[in-house]
Amino acid sequence: MKSITSKAVSLYLHWPYCKHICPYCSFNKYKHAPSFPDTNQMTEGLIKDISFFSNLVKEGKVPRRPIRTIYFGGGTPSLSNPTDFTKILSVLKSSFEICDDVEINLEANPTCLTENKEKMEMWRSVGVTRLSIGIQSFNPEGLSFLGRKHTREEAISSLEIASKIFPFVNFDLIYARHNDHTRDLWRSELKEALGLARGHISLYGLVFEPGTNFFNRVQKGSHLNNNTNKNMSHMHNDNHNNSNSINNVNNNNNPHRKNSYSSIIVPPNQDLEADLYEITLEETERMGFRQYELSNFALPGNESSHNLHYWSGGDYMGIGPGAVSRLTTNDNERLAIRTILQPKEWHKQCLNDGNGMDKNEIKTLTRSQRISELLIMGMRSRLGVRFADLKSIIGDKGSLEEFFDLKEVENLKEMGLLLYDEERMWTTQKGLMLLNQVFLK
């Protein structure tokens, strides 16, 4: 595991456009249209954001370090032009050293591969070494529920195409989608997925994020149930319509039924979520996929270097609308930087001020904030957190006791949630499942 004082740095590029907005997605994304976005403007803005970070180096505020990983995320960045990415790489090489073994990641949808294989081959030719495909489900009903626009057949075909083009291929699946996502259904779907996996798979329990279509539909179902329960409390026990009323509410809550309440979503309860997670661990282990982070599993040698860099507290630069950065200065301070969220406003500032950084979102983190971030990121992974990295933040005059209740750490160990040795501490498999409980302690 690399130290947070590692010489390497990572780069994240955000392309916020999608052909279709998925109802569960909470990322910074916007509808892609034939005449929008202007890819030349996007490329121009991304290059100007790079200049902001190169200036920090020139001004002596942050050390000059080589770029070890590049992640082109979104949105759907594969909708952009590979030739524009070449321009961005050229500017990067003029401002920073790029490691010879740089990992370059690109996100894509299955149809990007099935409908335009030639373009994906161009992405490989400009340096992309790792492709992440947003499959989300192999089950037709699951794809429909998640609002995905590809078919099961296209998902399978995309993996076959990708494996012939890129050295490393990853894909995502979403489970615990609703209260009818049964244990048998998930086990069957996961077995098939692992049989198709090319060395790496990301498995996410669905989170109903505020501001998304899914969140609103969960809230709608919650309000309906509350109102129904209130109304039913006034009914007589001998009313023969009571049981029918209950059944009607339950049926209406079923997200697969086509009726006036079909938009309602009932999330899985905690017991179902826990069982589906247990199945995830069982099946991935059976197929030799090692859990190296809460939601990421890989065969040996297929782990994502970019992800590992984040989780170990490494420095990274973020360019594009809404991108986030964390950089350690020459004075051992930690800068937290964010770009302007809305793409048009971001580009406008890029033209006027030379970069799209949000001036209200350039801050120096306190020691407590730095430690919290390191723990939140590090304890998500099986690598954990190095005590040396914690001490480098605290300084020679400080102590771990200022920031940790060591008795609680010992309690977590006794509960089987956490382990530690002389060099580091990390969450157990049980601890990963109960990660919030570990952080609260």
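The environment of Phe27 atom CZ is sparse: at most 12 non-hydrogen atoms of other residues, nucleotides or ligands sit within 6.0 angstrom.
Proximity of the aromatic rings of Trp123 and Phe166 is defined here by a centroid distance below 6.0 angstrom, and this criterion is not met. If you look at His178 and Phe145, their ring centroids are closer than 6.0 Å. In this structure, Tyr310 has its ring center under 6.0 Å from that of Tyr316.
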request  = Go through the steps for Tyr71 and His309 under the test side chain to side chain donor-acceptor pair (under 3.5 Å), then give the verdict.
outcome  = CA-CA 12 Å; Tyr71 196 102; His309 185 80; over 6 Å; no
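Between the side chain of Asn170 and the backbone N or O of Leu131 there is no donor-acceptor pair closer than 3.5 Å. In terms of modelled atom types and a separation under 3.5 Å, the side chain of Thr339 and the main chain of Ile319 share no donor-acceptor contact. Distance alone, capped at 3.5 Å, is enough to place a donor-acceptor pair between the Arg68 side chain and the Asp101 backbone. Formation of a donor-acceptor pair under 3.5 Å by the Asn332 side chain with backbone atoms of Ser392 is found in this model. Listed for the Thr427 side chain is a donor-acceptor partner under 3.5 Å among the backbone atoms of Met379. Checked by atom type and distance alone, the side chain of Arg367 pairs as donor or acceptor with a backbone atom of Ile394 at under 3.5 Å. Counting only distance, with no hydrogens or angles, the side chain of Asn355 and the backbone of Lys48 share no donor-acceptor pair below 3.5 Å.
To the nearest 0.5 Å, atoms CE (Met425) and CG (Leu400) are separated by 8.0 Å.
Under the rule for a side chain to side chain donor-acceptor pair (under 3.5 Å), Gln270 has no partner lying at least two apart in sequence or in another chain. By the ring pair (Phe, Tyr, Trp, His ring centres under 6.0 Å) test, His14 is found to be paired with Tyr12, residues two or more places apart in sequence or in another chain being considered. Checked against ring pair (Phe, Tyr, Trp, His ring centres under 6.0 Å), Phe297 has no partners two or more places apart in sequence or in another chain.
The two atoms that bring Asn28 and Leu341 nearest to each other are ND2-O, 3.0 Å, heavy atoms only.
Between Arg424 and Asp389 there is no salt bridge, since none of the side-chain N atoms of the basic residue sits less than 4.0 Å from a carboxylate O of the acidic one.
Looking at Thr329 and Lys61, their side chains never come closer than 4.5 Å, going by heavy atoms from C-beta outward.
No side-chain donor from either of Glu209 and Tyr24 sits under 3.5 Å from a side-chain acceptor of the other.
Annotation: cation-pi geometry not satisfied between Lys29 and Tyr17 (NZ/CZ under 6.0 angstrom from ring centroid, within 45° of ring axis). Taking the ring centre of Trp186 as origin, the terminal cationic atom of Arg183 falls outside the region bounded by 6.0 Å and 45° from the ring axis.
Checking each of Lys149, His150, Arg148 against Asn109 for a side-chain contact (heavy atoms from CB on, under 4.5 Å) leaves exactly one that passes, namely Arg148.
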